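What you are looking at is a predicted structure, and each value in this text was computed from that prediction instead of being measured.
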Amino acid sequence: MTMDAQSSQVNLPPSLEASRVTALPPAAYYIADFISEEEEEAILHKVETAPKARWRQLTHRRLQTWPSDLVKDTLLDARPLPDWLEQPDGAAYFPVVCTVSLGSSLCLNLYKSREDGALDPEPVWRILQEPRSLLITTADLYTEYLHGIEPISADVDISEQTIANWNLLRSPSLYRDGLNQRQTRTSLTYRDVLKVSKLGNKLGPMFRRP
């Protein structure tokens, strides 16, 4: 994957076409077996054993930000990612997001604003993200739609008619009863930040590049 810094255009490899979610507008790609079970276990161990200072508690989830947080759409520091994250939504980023799901499946909801600007509370599409899968969103799907995950214990009404990436799932037979009982899920979300702040160098050793 390459990105043009001048136009913010994302150039994805042609080989991804086989993984395109054709039920969605441009453009989403889903790879069910992006990593192995062994790799999944190793990454989960690294996430769970990260220093407590790396965690930020949100309403329904905890968050780690690598290499640093954003301040006014600018990355505070550009220190390298840790070795275990070295894998090939908004104005601060190039218009592409890559998400690796670990541990459990869940549905990602996609929403569209109405003509009056209000957000339609009903999702227009749902994407089922399985453990060890990779989801890439870009182009109109990145810029024109909002995404969200409902705070529920189980996803219901799961079928070929309601899940946009059904034909790309690794194990659709697991959901033949239309139900996905959620367990603890961890996601790795990769974004490429457009700007890096020089402020990090002025905040002392904690924020300095090595």
Joint hydrophobic cluster, Ile163 plus Leu174, side-chain heavy atoms closer than 4.5 Å: yes

Donor-acceptor pair, side chain of Ser104 and main chain of Gln183, under 3.5 angstrom: yes

Candidate pair Arg185 and Ser101, rule side-chain hydrogen bond (donor to acceptor under 3.5 Å, both in side chains), full reasoning: CA-CA 7 Å; Arg185 181 231 186 199; Ser101 294; 2.8 Å; yes

CG on Leu110 to CG on Leu24, rounded to 0.5 Å: 6.5 Å

Sole residue of Ile35, Val100, Thr99 in side-chain contact (heavy atoms from CB on, under 4.5 Å) with Leu188: Val100

Common cluster, Val124/Val21, ILVMFWY with side-chain heavy-atom separation under 4.5 Å: yes

Of Leu168, Leu169, Leu108, the residue whose pairing with Leu128 passes side-chain contact (heavy atoms from CB on, under 4.5 Å): Leu169

ILVMFWY cluster, Val96 and Leu16 together (side-chain gap under 4.5 Å): yes

Donor-acceptor contact below 3.5 Å, side chain Thr49 vs main chain His45: yes

Steps toward side-chain hydrogen bond (donor to acceptor under 3.5 Å, both in side chains) verdict (Glu130, Tyr30): CA-CA 10 Å; Glu130 301 167 288; Tyr30 182 82; 2.8 Å; yes

Ser159 side chain to Gln161 backbone, donor-acceptor under 3.5 Å: yes

Any residue meeting side chain to side chain donor-acceptor pair (under 3.5 Å) with Tyr29, in chain and number order, not counting sequence neighbours: Arg20

Connected via hydrophobic side-chain network under 4.5 Å: Ile127 and Tyr111: no

Any donor-acceptor N/O pair, Glu40 side chain to Gly103 backbone, under 3.5 Å: yes

Heavy-atom side-chain proximity of Pro25 to Tyr145 below 4.5 angstrom: yes

Straight-line distance of Ser153 OG to Glu150 CD, nearest 0.5 Å: 11.0 Å

Asn109 side chain reached by Ile149 side chain, heavy atoms, under 4.5 Å: no

Glu39 and Leu44, any side-chain heavy atoms less than 4.5 Å apart: no

side-chain contact (heavy atoms from CB on, under 4.5 Å) between Arg126 and Leu106, intermediate numbers included: CA-CA 10 Å; Arg126 295 195 300 166; Leu106 56 66; over 6 Å; no

From Thr184 atom OG1 to Glu48 atom CD, the distance as rounded to the nearest 0.5 Å: 9.0 Å

Within-4.5 Å side-chain heavy-atom neighbours: Gln129 and Cys107: no

Single-linkage hydrophobic cluster Trp125~Leu134, side-chain heavy atoms < 4.5 angstrom: no

Asp155 and Arg182: CA distance, side-chain angles, deciding distance, side-chain contact (heavy atoms from CB on, under 4.5 Å) verdict: CA-CA 7 Å; Asp155 298 292; Arg182 292 184 184 179; 2.7 Å; yes

Flag, side chain of Arg132 to backbone of Asp33, donor-acceptor distance under 3.5 Å: no

Check against side-chain hydrogen bond (donor to acceptor under 3.5 Å, both in side chains), Tyr175 and Ser105: CA-CA 11 Å; Tyr175 314 103; Ser105 299; 2.9 Å; yes

Nearest non-hydrogen partners of Ala27 and Leu141, listed with the distance: N-CB, 3.7 Å

Test log, rule side-chain contact (heavy atoms from CB on, under 4.5 Å), inputs Ile158 and Asp177: CA-CA 8 Å; Ile158 295 176; Asp177 60 354; over 6 Å; no

